[in-house]
Amino acid sequence: MNCQKKDIEISYLKDEISSDDMQSQLSQIDIDFEYINKINKGDTFMSDINLEKLDKISKRYPKLFTKDEMYNLSIKKGTLTKEDRDIINNHVIITCDMLKEVPFPNKYSNVPKIAGSHHITTDGRGYASVELLDQELTMQDKILAVADIFEALSAVDRPYRDANTLNQIAKIFKSMVENKDLDKEIVKLFFEEKLYLEYVNEHFTAFQKDELTEVFDF
C-alpha cells in the first residue's frame, strides 16, 4: 500500500496529476485496502458482487496480488480453499483405516465406524469412507459429531480462524440442526442440560465464557 501511495505522490511532484487527483487516488487506496483487510479475515461471504469488487481492485493494482493470493481472497466462505478442505476431509478416512487395524475387544468393535462417521450429516450428506456413507447413523455416531464440532468451534489453536464464544457456537449449532447436519434432540439435550460445562470450565478462555442466551425451541 505504501508503495502505491508513494508512486502517486511522486506523480504529483512531477506535475503529472493535480492535488485533487492525488487526494482522490490516495483515498481510493485506503478504501480498497480496508476492504481487502476485511475479506481477508474469512468472515465475509464472497457473493458475486463482492467477487466483482475484488476483481476491480486487483485490476487497479495489477502487480500487487499474485495468482494464489487472488485465489485465496476469492474463497466464498471461510478461509480454506477446496484443496485445503480436501486434505482436512481426508482425516476421517485415515482415522477409520488406522482404527480398523487395532484389535479392539468385541464390545468396542464399532469404534472405527463411530470415529469414521462423525462428519456424516443426519440426512446422509457429509464425508467419510465409501463403506460408511450408506450405513445408518447410530446414537454414538451422532453424539461424537456434536462433541467433535463443539471442540473444533471452540479451539483456540486453529490458524485459520478465531475461537468462538459459547453463544456463537450455540447459534452455529442451531443453524446446523436446521440444515439437518446434526441430530436436533442431541443438540437440544447438550445445551439445555449444560453437558458442555466441564469442558468449558477447563478449556475456554475468559472471553469465550459468555452467558448462553440462545433458546433451543425446535
Side-chain angles (χ1 to χ4, degrees), residues 38 41-45 75 77-80 84-85 87-100 102 104-129 132-133 135-218:
K38 179 182 177 182
K41 295 178 181 178
D43 53 5
T44 300
F45 177 71
I75 297 171
K77 186 177 181 180
T79 59
L80 300 176
D84 293 331
R85 290 196 176 279
I87 292 172
I88 291 174
N89 291 355
N90 196 47
H91 80 276
V92 290
I93 298 175
I94 294 173
T95 296
C96 190
D97 289 344
M98 290 176 61
L99 290 175
K100 283 192 295 187
V102 178
F104 289 105
N106 287 337
K107 65 178 180 178
Y108 297 127
S109 60
N110 60 346
V111 166
K113 193 261 183 183
I114 295 172
S117 300
H118 69 275
H119 282 298
I120 301 176
T121 64
T122 56
D123 62 353
R125 293 173 292 109
Y127 51 93
S129 298
L132 300 180
L133 285 173
Q135 294 189 31
E136 185 176 351
L137 291 177
T138 65
M139 182 65 71
Q140 292 93 331
D141 299 331
K142 297 174 182 179
I143 289 173
L144 181 59
V146 169
D148 179 75
I149 293 172
F150 187 83
E151 187 279 331
L153 292 173
S154 64
V156 297
D157 60 351
R158 304 299 164 100
Y160 49 87
R161 58 149 182 78
D162 295 331
N164 292 282
T165 66
L166 184 58
N167 259 299
Q168 289 172 332
I169 294 170
K171 288 179 181 179
I172 293 171
F173 267 80
K174 287 182 72 174
S175 175
M176 294 184 76
V177 167
E178 292 168 359
N179 197 42
K180 299 187 186 317
D181 296 325
L182 297 170
D183 184 275
K184 67 178 182 180
E185 297 303 328
I186 293 175
V187 169
K188 186 174 183 178
L189 179 70
F190 181 75
F191 283 98
E192 289 187 346
E193 297 299 322
K194 299 184 178 181
L195 302 181
Y196 55 79
L197 202 54
E198 183 177 347
Y199 186 87
V200 166
N201 289 335
E202 185 173 348
H203 297 285
F204 274 37
T205 63
F207 167 75
Q208 292 176 275
K209 297 178 182 179
D210 55 355
E211 184 179 353
L212 186 62
T213 58
E214 288 296 313
V215 178
F216 293 84
D217 52 2
F218 38 72

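Atom NZ of Lys38 has 12 or fewer heavy atoms from other residues, nucleotides or ligands within 6.0 Å. When the shell of 6.0 Å around CG of Asp162 is examined, it contains 12 or fewer heavy atoms from other residues, nucleotides or ligands. Phe104 CZ: more than 12 foreign heavy atoms inside a 6.0 Å radius. Enclosure of atom CG in Asn106 is not indicated, since only 12 or fewer non-hydrogen atoms of other residues, nucleotides or ligands lie within 6.0 angstrom. Enclosure of atom NZ in Lys209 by more than 12 non-hydrogen atoms of other residues, nucleotides or ligands within 6.0 angstrom is indicated.
With rounding to the nearest 0.5 angstrom, the OG atom of Ser154 is 4.5 Å from the CD1 atom of Ile169. Distance CD/Glu214 to CD/Glu192: 12.5 Å, rounded to 0.5 Å. Note that the CG atom of Leu132 and the NE2 atom of His119 stand 13.0 Å from one another [nearest 0.5 Å]. Residue Ile87 holds its CD1 atom at 10.0 Å from CD1 of Ile94, rounded to the nearest 0.5 Å. From Ile88, atom CD1 reaches atom CG of Leu80 across 4.5 Å, with rounding to the nearest 0.5 Å. Here the CG-CD1 distance, from Asp181 to Ile149, works out to 7.0 Å after rounding to the nearest 0.5 Å.
Using a 30° and 60° split on the angle between ring planes, Phe173 and Phe191 fall in the perpendicular class, above 60°. The aromatic rings of Phe150 and Tyr199 stand perpendicular to each other, their planes meeting at an angle above 60°, with 30° marking the opposite boundary.
Between the side chain of Gln208 and the main chain of Leu166, no donor-acceptor pair closer than 3.5 Å is present.
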**OP:** Assess whether side-chain hydrogen bond (donor to acceptor under 3.5 Å, both in side chains) is satisfied between Asn167 and Thr165, documenting all intermediate values.
**Re:** CA-CA 5 Å; Asn167 259 299; Thr165 66; 5.8 Å; no

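In plain terms, the two heavy atoms of Lys174 and Phe216 that are nearest each other are CG-CE2, 3.3 Å. Residues Cys96 and Ser129 share a closest heavy-atom pair of CB-OG, 4.0 Å. Summarising the geometry of Ala128 relative to Ile93, their closest heavy-atom pair is C-CG1, 4.0 Å, with the distance given to 0.1 Å. Scanning both residues, Thr79 and Asp84, for their nearest heavy atoms gives O-OD2, 4.4 Å. In this structure, Asp123 and Lys180 approach most closely via the heavy-atom pair OD1-O, 3.5 Å. Nearest heavy atoms, Phe218 versus Lys188: O-NZ, 3.5 Å.
Annotation: side chain of Val177 is in contact with side chain of Lys184 (closest heavy-atom distance under 4.5 Å).
Checking each of Asn89, Thr121, Asn90 against Tyr127 for a side chain to side chain donor-acceptor pair (under 3.5 Å) leaves exactly one that passes, namely Asn89. Each of Asp183, Val187, Leu182 was checked for a side chain to side chain contact (heavy atoms under 4.5 Å, CB included) with Met176, and the lone residue meeting it is Leu182.
With salt bridges taken as basic N to acidic carboxylate O contacts below 4.0 Å, one links Arg158 and Glu151.
Looking only at atom types and distance, the side chain of Asp141 has a donor-acceptor partner in the side chain of Thr138 under 3.5 Å away.
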